Colleague: 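Input: one structure, supplied below.
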Amino acid sequence: MKKGVLSICIAIIGVYFVYWFNIDLYKKSIAFTEQSKNIAISNSCIFKFAKTFTITTVCFGLLSLYFGIISFLKKNKIGGIGIILAVLLIICAFIPFWKHI
């Protein structure tokens, strides 16, 4: 598999990971708000693993960026698409989309 295609595949997996993580946080926040009506529960356990998921997503983005740059330096135009997707993935790793769902 060429490096450019590999870069795009890794970026797409990372975007799906961001999507899955935000949907999961949204479901957990709904569950905790329903439980907090009856019992005072802190929301700190929702964000317990948020940093781990963010670090994992950034690693996906950096790996995709690496393969995209290698492909782009070999004069493959598809490497540019991989680089753009990797940068978008790294940016999206830090945006809490679950608050806007």
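A quick note: this is a predicted structure, and the numbers were derived from the prediction, not measured. Just so it is clear, the values below take in all heavy atoms, side chains as well, and ignore hydrogens, waters and symmetry mates.
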Colleague: May I ask whether I55 and F17 are part of the same hydrophobic cluster, defined by side-chain heavy atoms of I, L, V, M, F, W, Y residues being less than 4.5 angstrom apart, directly or through others?
Modeller: no
Colleague: For the SG atom of C92 and the CG atom of N22, what is their distance to the nearest 0.5 Å?
Modeller: 9.0 Å
Colleague: Working to the nearest 0.5 angstrom, can you tell me the gap between F67 CZ and L6 CG?
Modeller: 5.0 Å
Colleague: Please check this pair: side chain of T57 against backbone of V18, looking for a donor-acceptor N/O pair closer than 3.5 Å.
Modeller: no
Colleague: Report the distance from atom NZ of K2 to atom CD1 of I70, rounding to the nearest 0.5 Å.
Modeller: 15.0 Å
Colleague: If you round to the nearest 0.5 Å, how far is CD1 of I81 from CD1 of I8?
Modeller: 5.0 Å
Colleague: Could you tell me which residues satisfy side-chain contact (heavy atoms from CB on, under 4.5 Å) with I84, sequence neighbours excluded, listed by chain and number?
Modeller: L88
Colleague: Would you give the length of the straight line joining atom CG of L89 to atom CG of L63, rounded to the nearest 0.5 angstrom?
Modeller: 10.5 Å
Colleague: Is there a side-chain contact between I78 and S71, using heavy atoms and a 4.5 Å cut-off?
Modeller: yes
Colleague: If the condition is side-chain contact (heavy atoms from CB on, under 4.5 Å), which residues does Y19 pass it with, not counting sequence neighbours?
Modeller: Y16, I23
Colleague: Roughly how far, to the nearest 0.5 Å, is the OG1 atom of T54 from the CD1 atom of I95?
Modeller: 11.5 Å
Colleague: Considering all heavy atoms of both residues, which atom of G61 and which atom of A86 are nearest to each other, and what is their separation?
Modeller: O-CB, 3.5 Å
Colleague: Could you go step by step and tell me if I90 and F60 meet the side chain to side chain contact (heavy atoms under 4.5 Å, CB included) rule?
Modeller: CA-CA 8 Å; I90 293 171; F60 276 127; over 6 Å; no
Colleague: Tell me if a side-chain donor or acceptor on S7 pairs with a main-chain N or O of G79 at a distance below 3.5 Å.
Modeller: no
Colleague: Applying side-chain contact (heavy atoms from CB on, under 4.5 Å), name anything that partners F21, two or more places apart in sequence or on another chain.
Modeller: L25, A50, F53
Colleague: With no hydrogens and no angle check, is any side-chain donor or acceptor of T56 less than 3.5 Å from a backbone partner on T52?
Modeller: yes
